[in-house]
Amino acid sequence: MTPRHLMSPLDFSIEELDRLLDMAADIEKNPDKYAHLCEGKRIATMFYEPSTRTRLSFEAAMMNLGGKVLGFHSADSSSAAKGESVSDTMRVVSCYADIAAMRHPKEGAPLVASLRSLIPVINAGDGGHQHPTQTLTDLLTIKALKGHFDGLVIGLCGDLKFGRTVHSLIEALSRYNDIRFVLISPEELRVPSYVRESLRAKNIPFEEVVRLDEETMADLDILYMTRVQKERFFNEEDYVRMKDFYILDKAKMDVAPDKMMILHPLPRVNEISVEIDDDPRAQYFAQAQYGVYVRMALILTLLGIEVA
Ligand code: NCD
C-alpha cells in the first residue's frame, strides 16, 4: 500500500480535517483511551533545521500513544554532512521507523523524500514554504477557543514573506466561509505574490497594511504574530533593520478589542512583550499544548490506526 503523506494543509479535505480536529479534542479529554494505540510503532524525527516545539511535540505525541522515537536533530549529525541525498536517507529510515516527520531548510525537500519513502512522511517545515502541522495546531487552537472558523477576521503580523506558518494558515483558513485577512507587515516582508494571487482567485477579502495600531486591530478576532525569520535573510543589516518593527505590548493591548485572541507559533523574539503573557487574550502557550494533541491525532490518522 502506498503510504499517505502530509505536505500541505490542503492534503486533507475539510471533512477529514474536521475528523482529525475532533479526535484531537477527544484526546485532550480522554488521554487514557489513546495511551497504547501505537505500541510497537516508531516515529523518526529527521530535523535538518533547529526546532524545539515541533520536534519535541512529535516525540511527546508518539510517546503519549505508547510508541517510540528515534531521529536526528541537525544536518551535521546525519549523513547529510557526508553528502547523502534526502531521498536516500528517507528510503533507509523507512526501514527503521513506521512514520517520519522531516524539517528541512530547502522548500520541497520533504516532498522529494516522500517520493521514495515506504512510510508516511510529514512535512515539519520546509524552508520559507509550508508548515502544515503548525497549521493543524493553529486550527485546533482556534476551534477550541473560538468555537468556529466561519466569519473570522484574522490579522497576521510580522514576517509574512518568509513565515511558512503564515502561508500554510492562510491556505487552510481560505477554505472556510466569510473569512477576511488583514496582512500586517513592512513593505519588504509582504506575503509572496503566489499567496496574494491565490486569495484574489478565491475572492477572499484581504487588505495589506503596515501599521499595527488601534484602527488595524479594531475588527480582529485573531492576531497571529510572527517572528522575523532571521535565518532566511541574505544579509544581517536587513534583519537588524526589520527585527523590532512590531512589538505587541501592554499599551497596544489596552486599545485592542476584548475578543482579539493572540496566537504565535513561537519562538518569539521581541515581537510580543512578556508583559502581556498573562493577558487572557494571549493564548500562544495554550497553542503549543494543542500541538501535541493534534500531532497524536495526525500520527493515528496517517498510520490508519482505528480508535475503538
Ligand atoms: C515556526 C517555524 O519553524 O516555522 N516554529 C514552529 O514550528 N513553531 C515559527 C518560527 O520559527 O518562527
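Counting starts at 1 for both ligands and their atoms, in listed order.
For the 3.5 Å distance criterion, the side chains of Thr45 and Arg55 fail to qualify, holding no donor opposite an acceptor.
Here Glu39 does not pair with Lys68 in a salt bridge; the nearest charged N to carboxylate O distance is not below 4.0 Å.
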- request: Using the side chain to side chain contact (heavy atoms under 4.5 Å, CB included) rule, take Leu263 and Thr141 through it: C-alpha gap first, then chi angles, then the decisive distance, then the call.
  value: CA-CA 9 Å; Leu263 298 181; Thr141 310; 3.8 Å; yes
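Ligand 1 places these atoms under 4.0 Å from at least one heavy atom of Thr54: 6 (C), 7 (O). Ligand-side atoms of ligand 1 in range of Arg103: 3 (O), 7 (O), range being under 4.0 angstrom from any heavy atom. Atoms of ligand 1 lying under 4.0 Å from at least one heavy atom of Arg227, given by number and element, are 10 (C), 11 (O), 12 (O).
When hydrogens are left out, the protein atom nearest atom 4 (O) of ligand 1 is Arg164 NE, 2.8 Å; that is the closest non-hydrogen contact.
At least one N/O-N/O distance between Leu266 and ligand 1 falls below 3.5 Å. Checking only distances, Glu231 never comes within under 3.5 Å of ligand 1, N or O to N or O. Ligand 1 has no N or O atom lying under 3.5 Å from any N or O atom of Thr165, backbone or side chain.
Heavy atoms of Glu49 come nearer than 4.0 angstrom to ligand 1 in no pair at all. Not close to ligand 1: Ala288, with no non-hydrogen atom less than 4.0 angstrom away.
When all heavy atoms of Tyr246 and Pro186 are compared, the closest pair comes out as OH-N, 3.3 Å.
Distances from atom 7 (O) of ligand 1 to the heavy atoms of Glu271, His131, Arg53 show the closest one on His131.
With hydrogens and angles ignored, the 3.5 Å screen pairs a side-chain donor or acceptor of Ser57 with a backbone N or O of Arg53.
You'll find the ring centres of Phe149 and Tyr176 inside the 6.0 Å limit. You'll find the ring centres of Phe47 and His73 outside the 6.0 Å limit.
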